[in-house]
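Within every chain, numbering begins at 1; the chains are lettered A, B, ... in the order of the sequence lines, protein sequences first and strands thereafter.
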Amino acid sequence: MVLPRSFYEGEDILEISKSLLGKKLCSDIGGQFTSGIIVETEAYKAPEDKASHAFGNKVTPRTVTMFSPPGTGYIYIIYGMYHLFNVITGPEGTAHCILIRAVEPLDGQDVMLERRGKPSMIKAVTNGPGKFSIAMGMHKKYDATDLTISSDIWIETGWPELSEEEILVGPRVGMSTAEECSNWPYRFRVKGNKWTSKPDKVWYDL
DNA sequence: ACCGCGATGCAT
DNA sequence: TGCATCGCGGTA
């Protein structure tokens with residue numbers, strides 16, 4: 001079942017970030033169907049979050065998508081070559097968004113390997129925001145896609161709801177200019193899942 | 001294992 | 001100018 005808009009519109013972005021773990025992210029791009037279970041997420045809580053593109057509710061040509069209704073996809077380019085995929089959440093008008101950082105591959109694994117130029121799934125294919133976005137065909141041209149009605153990119157129910165014991169939390173990465181926000185525990189992952197991005201030492205139980 | 005760095009486009 | 005990144009080649 002495709003997740004309805006009500007899934008995305010709650011006030012608590014951290015709860016939604018955790019609820020997205022275990023959901024099934026699907027894409028049908030270039031005539032190729034791929035899907036994967038979301039196993040790592042990262043929350044960006046505008047307007048007070050200095051790490052958010054929409055810090056201070058700043059509206060630019062890039063960030064305007066972030067003010068779209070909850071359940072909208074936000075795709076932007078980082079380092080000139082990676083099309084990172086995010087989900088807009090929160091009450092309409094808030095610019096909260098959640099970066100999808102890793103998925104466990106399900107359908108279309110042959111397509112993912114071809115897009116990534118890798119021989120097998122044991123080589124890191126979807127364990128990072130840039131990597132899984134390539135594997136699933138994410139592209140800036142799909143920015144502002146309505147994930148509740150799109151036939152290009154959508155999110156379905158997947159695993160049963162995870163318990164808190166199955167989730168680890170840690171600080172976000174790449175926070176060089178976010179000052180006090182850089183230590184916020186806004187990054188979530190499925191405990192023990194081998195498809196998450198490279199482990200580090202800062203994870204702890206909820 | 002870890003570290004440094006280049007690729008490459010676009011927002012500011 | 002500096003990224004919400006990745007893969008490579010160096011050193012160990």
Do A:Arg187 and A:Ser197 have side-chain atoms, one donor and one acceptor, less than 3.5 Å apart? yes
Is any side-chain N or O of A:Lys140 closer than 4.0 Å to OP1 or OP2 of B:dG9? no
Phosphate-side-chain proximity, A:Thr60 and B:dT12, N/O vs OP1/OP2 below 4.0 Å: yes
Using a 4.0 Å heavy-atom cut-off, does A:Arg62 contact any base of the nucleic acid, only the sugar-phosphate backbone, or nothing at all? sugar-phosphate
Test side-chain contact (heavy atoms from CB on, under 4.5 Å) applied to A:Phe33 and A:Cys26, step by step: CA-CA 7 Å; A:Phe33 175 67; A:Cys26 305; 3.9 Å; yes
Protein-nucleotide distance (A:Tyr186, atom OH; C:dA4, atom P), rounded to Å: 17 Å
Is the backbone N or O of A:Met138 less than 3.5 Å from a side-chain atom of A:His83, with the two atoms forming a donor-acceptor pair by type? no
A:Tyr44, nearest nucleotide to its side chain (from B:dT12, C:dA4, C:dC6): C:dA4
At under 4.0 Å, does any side-chain N or O of A:His53 touch on OP1 or OP2 of C:dA4? yes
Using the aromatic ring of A:Tyr79 (for Trp, its six-membered ring), decide whether it stacks on the base of C:dT5 within the limits of 5.5 Å and 30°. yes
Heavy atoms only, 4.0 Å cut-off, all strands: where does A:Gly80 land among base, sugar-phosphate and nothing? base
Under 4.0 Å from OP1 or OP2 of C:dG7: is there any side-chain N or O of A:Arg116 that close? yes
side-chain N/O A:Arg187 vs C:dA4 OP1/OP2, d < 4.0 Å: no
Given the side-chain rings of A:His96 and A:Tyr44, with only the six-membered ring counted for Trp, is the space between their centroids under 6.0 Å? no
